[in-house]
Amino acid sequence: MATIGKIRQRSGWVIGFIGIAMLGFIATDLLKNKLFFSGNSSTVPKGIGRIYGEDIDPQAFRDEYDQAIKNQKMQNKGGEITIEQQNQISDQIWAQLTDELELSHEADKLGLNVTGEEIFDLCIGPNPDPIAQQYLSDPKTKQIDKRGVKNFIENIQEAKPEQQEFWRSFETYLVNDRIKAKYKAMITASDYFTDLEMEDIYIAKNKTYDIQFVPVLYNTIEDSTVQVTDKDMKDYYDKHKEEYKRENSRTMEYVSFDDRPSHSDTLETLKSINALREPFKNTKDDSSFVVLNGTGSYSNTFQPRGTFDDPKIEDSIFNYKKDGDFIGPYYRDSAFNLIKIIDHKEDTVYYYRASHILIKPANDPDKKKDSTDAYEKAKKLYEEAQKPDANFAKMATENSEDDGSASKGGDLGWFKDGAMVKPFMDAVKNGEKGHIYIVSSKFGTHVIKITENKTNKLVKAGQLIKPVMVGSETNDKAYGLAISFRTRTHDANSYDEASKNMHLTKRLLEKIQPNQHDINGLVHPRELLRWAFKDDTKEGSISDPMRITDRYVVAKMVRIMPEGYTPFEDVKADLKKIVQQEKKKQMIADKLKDAAEKNKSLETIAAAVKSSVNTSQGVGFEIPNIQAIGMEPSLAGAVFGSKLNEISQPVKGNAGAFVFKVTHINTIKPPTNYDRDRKMQMDQTKNNLDLDAMGALKKLADIKDYRYLYY
């Protein structure tokens, strides 16, 4: 019963630890019980989104979002959650929620379900689910107490509410994961290729042709000689209308009034953190002090070199004189930081810092020669690095084949004893700062420069952070300017005039969609988006001042572009170029066709159209490269299957139009048994089947995202 005791004692912690991944599955359970739908079929948004024409309850999403935020705070050890993290969590919840709703809808149609017997099997069967193995096993034995778990499940109605909540979440996760597996199994079971299909695939990959062809390139016709009418463009637009679908978007202009901390605000924050220095020094509860007085973090563990973000600050932390010393306050990332050295000790292992240049052996058959060549190249770099004026970082950036460290001048940062391969480790363990070595390992030859002396020092520190906040005086000034501007505007013309008179720069936001997180530097612009996509915001509307992160913004609606097809007038400029090119294609194709009807050889056709006869070898269905021309899939497709020595009809390609004849067919003999190739083909396509299926479901679901109305 040790396992069940652990569940009862720590169920709340477990729910938090499972985190966002499980929350999406809980949402699906709500769908199955019809708690997620308002049942309103109106086109006016009633929920936070729509799927299959039904509204999604905003409170249900909010519950999942709030729980995920709590989980993130646990991971941040009580630290602040950034706007970027909030946006990421919102997107994760939304993606998981909609994926599960799509799958649930499809599973209901297919009759997919999970029985109670399957749940028991997933928890206490011969091969328990990995998540069950992780959360239901005894931490000491690593085994599941099957009798105890069975008893717990059978008597769940008598358990405490938090234990029931844990089991409901856990069971929902198992059910949905199992349904996912069943659905994926159904999809992948359809992954099969017949012998006839395999023969077509084999021929497409291996059969090639040698051809002669006459090209007439489109750029031989001047644009000015091709007339394009509105009717031509409209006809093309009507035939290709699906290519001009667009999302719901807005185009706006805005002016801003900075609400950033002033010099006096900065000095005030510095004064406040200095006032905390003495209380921080004398406190007996560093953890609580850090949390209550700033936005910093405190870890009750000893940290090695390489833990802290700023190398210069870290140097100060590890070179302090005595416990109780302070580092700072120093200014970083719009905040003042004050670090208190609480304690220190020595680790049982050492930490090292070095940079290196790695030269890898090439992939030649002669491995011995391969490694020798790599060593010789590295040796020259080693000798160069020994010179007094050598720039090791520059040499590493230009020569090292370790992509991860080359961009950092070869710097590997601090690493623990044993973290590198033995020859590398042996070199740095025996050296001192500034020493340079050359060693070989299974990765190649390394030129190593030791950049710091080894250390086994560990430090426990508390970091107090005071962000520089906007003072009331600064805020009032920015808001006052925004209000002054707004009172001068009542339409688009007065907006433009006021911007000019107040010397304000208007910024353009083009084709903004409702759930963008960052719009040209406006971080977390939800208030702006809510205004922009409201029904009563019209073209020419002016917003009231809105607080967007560190500024006040007043916006003007320039253009409203609802979801649908881009109007013909909006794409005329692009259509003209496209239709002009299509006309060129037809003109040249007609010219070639006329020449082919009057001439019986490629040479005479070429003379008639003032071109030449070219050749290309190895043209195939999957090898559409035409020598001296480039990629021409249409031409390669026409070649594939053509007969020997027959002059083709004109083919309109990417760069021009062509007539051709096949001069040689590189025949192949298909295999008598496709089992091996079939398995390889199925393995290649199987990985994409699941993604393709979910993509198809997403399209059918017709998902509408209205989160911008709530967040």
Side-chain angles (χ1 to χ4, degrees), residues 211 213-253 492 508-513 539-540 557-599 602 604-614 616 619 624-640 642 647-660:
I211 64 169
F213 65 96
V214 177
V216 181
L217 303 183
Y218 303 135
N219 60 16
T220 58
I221 299 179
E222 294 290 335
D223 289 350
S224 58
T225 64
V226 183
Q227 299 300 313
V228 177
T229 67
D230 280 2
K231 184 179 183 304
D232 294 332
M233 292 186 284
K234 187 66 166 62
D235 288 344
Y236 183 90
Y237 173 84
D238 290 340
K239 289 178 183 177
H240 300 83
K241 201 168 183 179
E242 290 302 311
E243 297 175 16
Y244 295 95
K245 269 191 171 180
R246 69 181 183 191
E247 300 292 332
N248 188 17
S249 66
R250 303 288 185 269
T251 292
M252 298 170 275
E253 288 180 346
L508 182 66
L509 304 175
E510 291 191 277
K511 297 180 180 179
I512 301 303
Q513 294 183 354
E539 291 185 1
M557 182 58 63
V558 175
R559 183 81 187 278
I560 293 175
M561 291 157 283
E563 181 181 7
Y565 297 100
T566 304
F568 169 69
E569 294 296 328
D570 288 2
V571 294
K572 279 182 68 173
D574 295 331
L575 284 170
K576 183 176 181 179
K577 295 177 183 178
I578 295 170
V579 174
Q580 197 170 60
Q581 188 75 345
E582 289 299 313
K583 284 201 165 192
K584 285 184 181 182
K585 289 181 180 181
Q586 193 58 51
M587 289 168 64
I588 289 175
D590 290 344
K591 185 178 179 180
L592 276 170
K593 183 179 180 181
D594 183 63
E597 288 174 351
K598 296 176 180 178
N599 298 277
L602 289 180
T604 54
I605 292 172
V609 297
K610 298 180 181 179
S611 184
S612 59
V613 179
N614 295 358
S616 188
V619 178
N625 186 57
I626 307 301
Q627 290 164 14
I629 300 294
M631 301 300 286
E632 289 289 353
S634 297
L635 178 56
V639 167
F640 196 78
S642 295
I647 296 177
S648 73
Q649 292 295 312
V651 178
K652 291 183 282 187
N654 292 331
F658 312 88
V659 292
F660 67 88

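- Between L509 and E253, every side-chain heavy-atom pair lies at or beyond the 4.5 Å cut-off.
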Would K572 and D230 satisfy side-chain contact (heavy atoms from CB on, under 4.5 Å), going step by step from the backbone distance to the final call? CA-CA 8 Å; K572 279 182 68 173; D230 280 2; 3.3 Å; yes

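- Counting only heavy atoms from C-beta outward, the side chains of L635 and S616 never approach each other to under 4.5 Å.
- The one candidate from I221, L217, V609 that meets the side chain to side chain contact (heavy atoms under 4.5 Å, CB included) condition with I588 is I221.
- The aromatic ring centroids of Y236 and H240 lie less than 6.0 Å from each other.
- Pairing each heavy atom of A589 with each of A657, the nearest pair is N-CB, 4.2 Å.
- The backbone N or O of A655 lies less than 3.5 Å from a partner atom in the side chain of E632, making a donor-acceptor pair.
- A salt bridge links D570 with R559: the closest approach of a Lys/Arg side-chain nitrogen to an acidic carboxylate oxygen falls below 4.0 angstrom.
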Show your working on side-chain contact (heavy atoms from CB on, under 4.5 Å) between D594 and K598 and close with a plain yes or no. CA-CA 6 Å; D594 183 63; K598 296 176 180 178; 3.3 Å; yes

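- Considering OG of S611 and NZ of K591, their distance stands at 9.0 Å, rounded to 0.5 Å.
- Residues I626 and N614 have side chains not in contact (no heavy-atom distance under 4.5 Å, counting atoms from C-beta outward).
- At least one side-chain heavy atom of I512 sits less than 4.5 Å from a side-chain heavy atom of M252.
- A heavy-atom distance below 4.5 Å is found between the side chains of R246 and P562.
- One distance of note links CD of E510 with CZ of R250; it measures 15.0 Å at 0.5 Å rounding.
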Give the C-alpha distance, both sets of side-chain angles, the deciding distance and a yes or no for side-chain contact (heavy atoms from CB on, under 4.5 Å) between L592 and I605. CA-CA 8 Å; L592 276 170; I605 292 172; 4.3 Å; yes

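- From E569, atom CD reaches atom CG of L575 across 10.0 Å, with rounding to the nearest 0.5 Å.
- A pairwise comparison of heavy atoms in G653 and S634 identifies CA-CB, 4.5 Å as the closest pair.
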Evaluate K239 against D235 for salt bridge (Lys or Arg N to Asp or Glu O under 4.0 Å), listing each step before the verdict. CA-CA 6 Å; K239 289 178 183 177; D235 288 344; over 6 Å; no

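- You'll find the side chain of V651 stays beyond 4.5 Å of the side chain of V659, heavy atoms only.
- No more than 12 heavy atoms of other residues, nucleotides or ligands sit less than 6.0 Å from atom CD of E222.
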Before giving the answer on side-chain contact (heavy atoms from CB on, under 4.5 Å), spell out for I560 and T251 the whole-Å C-alpha distance, their side-chain angles and the decisive distance to 0.1 Å. CA-CA 7 Å; I560 293 175; T251 292; over 6 Å; no

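- Y237 has its ring centre less than 6.0 Å from the ring centre of F568.
- Note: F658 and F213 have perpendicular aromatic rings, judged against thresholds of 30 and 60 degrees for the angle between ring planes.
- No side-chain heavy atom of E247 sits less than 4.5 Å from a side-chain heavy atom of S249.
- Of all heavy-atom pairs between S612 and P215, the closest is O-CD, 3.3 Å.
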Identify each donor-acceptor pair in which a side-chain atom of residues 576-583 lies under 3.5 Å from a protein atom, sequence neighbours left out, and give them as a table.
from: Q580; atom 1: NE2; to: D223; atom 2: O; distance (Å): 3.2
from: K583; atom 1: NZ; to: Q227; atom 2: O; distance (Å): 2.9
from: K583; atom 1: NZ; to: D232; atom 2: OD2; distance (Å): 2.8

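- In this structure, K241 satisfies the cation-pi test against Y565, with its NZ or CZ atom closer than 6.0 Å to the six-membered ring centre and inside 45 degrees of the ring normal.
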